[in-house]
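Here the structure comes first, spelled out in structure tokens, and everything after it is commentary.
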Amino acid sequence: MKIAIGSKNPAKVEAVRDCFINEANSVIPVDVPSGVSDQPFSDEETIEGAINRAKASRLAAGAQIGIGLEGGVVQTPYGLFLCNWGALAVEGEEPIIAGGARIKVPADVAERLMNGEELGPVMDDYTKQNNVRHKEGAIGVFTREAVSRRQMFVHIMQMLIGQYRYRESGKI
Ligand SMILES: O=P(O)(O)OP(=O)(O)OP(=O)(O)OC[C@H]1O[C@@H](n2cnc3c(O)ncnc32)[C@H](O)[C@@H]1O
Ligand SMILES: [Mg+2]
């Protein structure tokens with residue numbers, strides 16, 4: 001089976017590969033637009049980005065399944081939290097959706113995002129590293145790598161695939 005992932009970010013691509021590795025599948029990374037802002041600022045916008053990527057990547061790769069993984073932030077009375085969402089698209093069906101773990105970002109990082117900066121460059125500046133978003137991610141930095149960005153996306157993938165199997169089994 002061909003599975004498209006709507007990103008070339010290794011943290012996302014490897015998470016998809018981790019979940020489809022034991023099956024006769026090929027995972028095809030494709031760059032597609034998310035159709036939302038580079039820094040989504042709500043669950044709704046982040047979900048929309050994930051769905052757009054899932055649908056567009058499936059079509060672009062001519063795949064049976066399209067996966068979209070999208071990162072954003074969400075404001076709460078307790079501070080600004082990382083949020084991540086995934087979508088799985090197949091032809092002619094509603095996309096399946098799953099959300100990832102969330103943690104609060106430090107106040108100084110939150111303030112920079114509120115002033116219009118993107119989390120990716122802010123994290124590089126904050127950690128004095130390059131491309132944190134392709135590696136452990138903000139969630140990895142702020143949890144001392146107890147949970148990496150890839151692991152967080154693996155968990156989302158497991159919930160997407162599990163729901164897909166549940167839906168498919170109902171059709172038999
Ligand atoms: O190439 P794509 O797939 O777009 O990968 P990305 O790293 O830009 O990931 P998203 O678009 O899903 O994330 C939206 C924004 O949040 C940033 N971001 C999200 N999660 C992050 C993380 O864990 N660490 C660093 N930056 C992150 C990212 O750089 C973007 O500015
Ligand atoms: Mg992006």
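Residues take their numbers from the sequence shown, with the count starting at 1. Remember, it's 1-based here, ligands and their atoms both numbered in the order they're listed.
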Discussion item. Could you tell me, atom by atom, which parts of ligand 1 come under 4.0 Å of a heavy atom of Glu118?
Written reply: 29 (O), 30 (C), 31 (O)

Item to complete: Heavy-atom contacts with Asp38 under 4.0 Å: which atoms of ligand 1 show up? List them by number with element.
Response: 14 (C), 15 (C), 30 (C), 31 (O)

Discussion item. I'd like to know if the side chain of Glu70 and the backbone of Asn84 have a donor-acceptor N/O pair within less than 3.5 Å.
Written reply: no

Discussion item. Below the 3.5 angstrom mark, is there an N/O of Ala138, backbone or side chain, next to an N/O of ligand 1?
Written reply: yes

Worksheet entry | Where ligand 1 meets Gly137 - atom numbers and elements under 4.0 angstrom, heavy-atom basis | 22 (C), 23 (O), 24 (N)

Worksheet item: Quick one: nearest non-hydrogen protein atom to atom 28 (C) of ligand 1, plus distance?
Response: Gly120 N, 4.0 Å

Worksheet item: In terms of atom number and element, which parts of ligand 1 are under 4.0 angstrom from non-hydrogen atoms of Lys12?
Response: 2 (P), 3 (O), 5 (O), 9 (O), 10 (P), 12 (O)

Worksheet entry | Asp124 side chain vs Asn131 backbone, donor-acceptor pair below 3.5 Å | yes

Worksheet entry | Check: Glu45 side chain, Phe41 main-chain N or O, donor-acceptor pair, under 3.5 Å | yes

Worksheet item: If only atom types and distance count, is the side chain of Lys12 paired as donor or acceptor with the main-chain N or O of Ile5 below 3.5 Å?
Response: no

Worksheet item: Non-hydrogen atoms of His134 versus ligand 1: any pair closer than 4.0 Å?
Response: no

Worksheet item: So which protein heavy atom does atom 16 (O) of ligand 1 come closest to, and at what separation?
Response: Gln39 OE1, 3.4 Å

Discussion item. Can you report which non-hydrogen protein atom sits closest to atom 25 (C) of ligand 1, along with the distance?
Written reply: Arg133 CB, 3.5 Å

Worksheet item: Does an N or O from Lys8, backbone or side chain, lie closer than 3.5 Å to an N or O of ligand 1?
Response: no

Response to the item:
of all protein heavy atoms, closest to atom 14 (C) of ligand 1 is Gly71 O, 3.0 Å

Item to complete: Look at the side chain of Arg53 and the backbone N and O of Gly6, then say whether any donor-acceptor pair between them is shorter than 3.5 Å.
Response: yes

Worksheet item: What residue and atom, counting heavy atoms only, is the protein's closest point to atom 9 (O) of ligand 1, and at what distance?
Response: Arg149 NH2, 3.2 Å

Practice prompt. Determine, for Arg102 against Asp43, whether the closest basic-nitrogen to carboxylate-oxygen distance falls under 4.0 angstrom.
Written response: yes

Worksheet entry | Ser148 (side chain) donor-acceptor with Glu145 (main chain) under 3.5 angstrom | no

Discussion item. Within ligand 1, which atoms have a heavy atom of Ser7 less than 4.0 Å away?
Written reply: 1 (O), 2 (P), 3 (O)

Practice prompt. Indicate yes or no: does an N/O atom of Asn84 lie under 3.5 Å from an N/O atom of ligand 1?
Written response: no

Worksheet item: Same hydrophobic cluster for Met152 and Met159, using side-chain heavy-atom links shorter than 4.5 Å among ILVMFWY?
Response: no

Worksheet entry | Any donor-acceptor pair under 3.5 Å from Asn115 side chain to Glu111 backbone | yes

Worksheet entry | Backbone N/O of Asp31 and side chain of Lys8: donor-acceptor pair under 3.5 Å | no

Worksheet item: Closest non-hydrogen protein atom to atom 6 (P) of ligand 1, residue and atom name please, with distance?
Response: Asn9 ND2, 3.7 Å

Discussion item. Among all the protein's non-hydrogen atoms, which is closest to atom 27 (C) of ligand 1, and how far away is it?
Written reply: Leu119 CD2, 3.5 Å

Worksheet item: Looking at Arg165 and Glu168, does any basic side-chain N land under 4.0 Å from a carboxylate oxygen?
Response: no

Item to complete: Distance to 0.1 Å, residue and atom name: give those for the protein heavy atom nearest to atom 11 (O) of ligand 1.
Response: Arg53 NH2, 3.1 Å

